[in-house]
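In what follows, a structure is listed as structure tokens, so that the remarks can point back to it.
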Number of protein chains: 2
Amino acid sequence: MAKVDPSLIAHLPLFGGVKPEDLDEVLREARSARYPKNSVIFEQGADAQSFFLLLHGHVRATKTTPTGEQIVVRYVVPGETFGLAMAIGLAQYPATATAVDDSVVLILPTAAWPRLVERFPALTANMLQTIGTRLQESHTRILEMSTQQVEQRVAHALLRLAKQSGKKLDHGIEIDFPISRQDIAQMTGTTLHTVSRILSGWESQGLVESGRQRIILRDPHRIVLLAERTADSGPA
Amino acid sequence: MAKVDPSLIAHLPLFGGVKPEDLDEVLREARSARYPKNSVIFEQGADAQSFFLLLHGHVRATKTTPTGEQIVVRYVVPGETFGLAMAIGLAQYPATATAVDDSVVLILPTAAWPRLVERFPALTANMLQTIGTRLQESHTRILEMSTQQVEQRVAHALLRLAKQSGKKLDHGIEIDFPISRQDIAQMTGTTLHTVSRILSGWESQGLVESGRQRIILRDPHRIVLLAERTADSGPA
DNA sequence: CCGGCAATTTGCGATAGCGCAAAACGGGCC
DNA sequence: GGCCCGTTTTGCGCTATCGCAAATTGCCGG
């Protein structure tokens, strides 16, 4: 297991306020690991023995009901933390994390957290900020699910993904990791069938170009219009 | 403005780990205020100059879209904090808070927070816990909205309210503050019409007894069954 | 290069829940 | 005690979206 270079993590929000030269101290507690595409990093309900920092790749967090339905909680991009159960007082992970791409993560033992917090009080504040942001995002999502129709929700979801992980091409913005219709359905509270129909429609209007687990926004601007459109407005 | 007795707040989660005798120091920064039923405590978008602790009454937090639709984010019960914008790094309140009952709140200036945190480091951790719990609740809500039908969602919402603010009667559990069909609709992502139809149905089956802004769960157990029922299961 | 599998597309009902509108109700205030 | 207004109920048609099923497609592994 290779040593992690402090410069890799120095700029991350979590470590704001921690002196770069102190980061070695943090890294001493950490190890890194590689997860191949589609491998599970941790499972919902498992003991939260570690928390994670994504260095490379993409991770999907999902939550499953007792009856087996699942939703995508979020996609993690490099630089973000995940599996923070312990920070909010949970002994088990509330969601499952899966690498959707070959991914490299920094693993910190949950047990080290209290020690780190004591040593670097700024960490708690940073963590609070992180969780707070996620809370807001959740509320936004609830608001959307309550007030918008499926097409608008899908538009919002794709725009968000594009902003988060978009790779600019000259003919549009490509979402930079494999994502299926089913995934999008689970992000927006609908079915893969409906997502497929919507994307087909958009494709024939030149709004997107998509294929197997691959989506390119060809005309982000018009998608923004779609996302903001009220149920009735606009021509046929 | 009356002095607040430390014993009133000593047991609150936010102050866990703070010595009771130190609470005076906190209270020196605070003032209390009374908000009559239906008055607005702060408005979404306003500068977050204070944060709040509910002492008596009930407060509803709502979030409104640019186009005017709104959802109920949560109901605050005595002992809980609200308006924590500053703790998560927001300069403006992300929601509106309204007293749904005559309510008494403890008001703490946002400006005092950094000072308090420095003095009582446990506060940050407590806050993290609080926000973390809310994040989880949000995720649960998203999961429900994604996977359950309206009737089940309403059942869950009522059960939660009953647990939070239920007053036990010998003939059931009454939700202890005024709540309209519209409110429930905004908690569950549906319309007041649908909620009304559902409650009417339940009433005729003896599950609830309800009236103007008033709901009594007559048969919580059967409502639990409803809440857990999968779309198809069970007889007509 | 081919077989097989997972992802996607699409057609075709079925329906839960919406939206509108109107009527009934209930309480508080004067 | 009666009036006024906000809340609730309910009928009725409509449609967005689901659910199922079958056909198609594109990849990956061998």
Side-chain angles (χ1 to χ4, degrees), chain A residues 36-38 60 67-69 72 98 100-102 144-155 175 177-186 188-205 208-216 226 229-234 236, chain B residues 36-38 67-69 98 100-102 144-155 157 175 177-205 208-216 226 229-234 236:
Chain A
K37 179 170 173 173
N38 291 327
R60 180 185 53 218
T67 59
E69 286 123 325
V72 172
T98 309
V100 297
D101 251 357
D102 288 353
E144 282 180 9
M145 290 192 57
S146 300
T147 62
Q148 306 185 326
Q149 326 204 204
V150 173
E151 185 171 23
Q152 294 163 59
R153 302 205 301 266
V154 171
I175 291 170
F177 54 85
I179 184 167
S180 70
R181 309 290 184 261
Q182 173 79 222
D183 292 325
I184 295 170
Q186 291 179 347
T188 52
T190 181
T191 63
L192 80 164
H193 305 278
T194 298
V195 172
S196 179
R197 285 182 241 271
I198 288 172
L199 288 185
S200 293
W202 289 358
E203 184 127 26
S204 66
Q205 295 171 57
V208 301
E209 175 186 332
S210 76
R212 213 186 175 69
Q213 318 223 92
R214 199 177 54 82
I215 300 177
I216 297 172
L226 259 185
R229 169 170 351 204
T230 306
D232 50 273
S233 67
Chain B
K37 180 170 172 173
N38 293 326
T67 60
E69 285 121 325
T98 309
V100 297
D101 251 356
D102 288 353
E144 282 181 8
M145 291 192 57
S146 299
T147 62
Q148 307 185 323
Q149 326 203 207
V150 172
E151 186 172 24
Q152 295 164 57
R153 301 205 302 264
V154 171
I175 291 171
F177 54 86
I179 185 167
S180 69
R181 308 291 184 261
Q182 173 82 73
D183 292 325
I184 295 170
Q186 293 179 345
M187 295 180 72
T188 52
T190 180
T191 64
L192 80 164
H193 305 278
T194 298
V195 172
S196 180
R197 284 181 242 270
I198 288 172
L199 288 185
S200 293
W202 288 357
E203 184 126 28
S204 67
Q205 295 172 56
V208 301
E209 176 186 329
S210 75
R212 212 187 174 68
Q213 319 223 91
R214 200 177 52 83
I215 300 178
I216 297 172
L226 258 187
R229 171 174 342 207
T230 307
D232 50 272
S233 67

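None of the values given here were measured: they were computed from a predicted structure. Heavy-atom basis, side chains included; hydrogens, waters and symmetry copies ignored.
Between the CD atom of A:Gln213 and the C1' atom of C:dT9 there is a distance of 15 Å, rounded to whole Å. When rounded to the nearest whole Å, the span between CD of B:Gln186 and P of C:dC18 equals 13 Å. A straight line from CH2 of B:Trp202 to P of D:dT8 spans 15 Å, rounded to a whole angstrom. At whole-Å resolution of the value, CG in A:Leu192 and P in C:dG11 are 16 Å apart. Look at CD on B:Gln182: it is 16 Å from C1' on D:dC5, rounded to the nearest Å.
In this model, a donor atom of one side chain and an acceptor atom of the other lie less than 3.5 Å apart for A:Thr67 and A:Glu69.
B:Arg153 contributes a side-chain N or O that, together with a main-chain N or O of B:Gln148, makes up a donor-acceptor pair within less than 3.5 Å.
Between C:dA7 and A:Ser196, no contact under 4.0 Å exists linking OP1 or OP2 to a side-chain N or O. Look at A:Arg181 and you'll find a side-chain N or O under 4.0 angstrom from OP1 or OP2 of C:dT8.
Secondary structure note: stems in DNA chain D built from 3 or more consecutive Watson-Crick or G-U wobble pairs under 3.5 Å occupy C:1-30 with D:1-30.
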Listed pairs, N/O of protein and of nucleotides 22-25 of chain D, under 3.5 Å:
none

Can you name the atoms? Protein N/O to nucleotides 14-17 of chain C N/O, anything below 3.5 Å, with the distance.
unit_1, atom_1, unit_2, atom_2, d
C:dA16, O3', B:Gln149, NE2, 3.2
C:dG17, OP1, B:Val150, N, 2.8

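Of all nucleotides listed (C:dT9, D:dT8, C:dT8), C:dT9 comes nearest to the side chain of A:Ser210. Residue B:Arg197 places its side chain closer to D:dG11 than to any other of C:dG11, C:dA7, D:dG11.
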Practice problem: Tell me, with the steps shown, if B:Lys37 and B:Asp102 meet side chain to side chain contact (heavy atoms under 4.5 Å, CB included). | Solution: CA-CA 4 Å; B:Lys37 180 170 172 173; B:Asp102 288 353; 3.4 Å; yes
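Between the side chain of B:Arg214 and the base of C:dG27 there is no donor-acceptor pair of N/O atoms closer than 3.5 Å.
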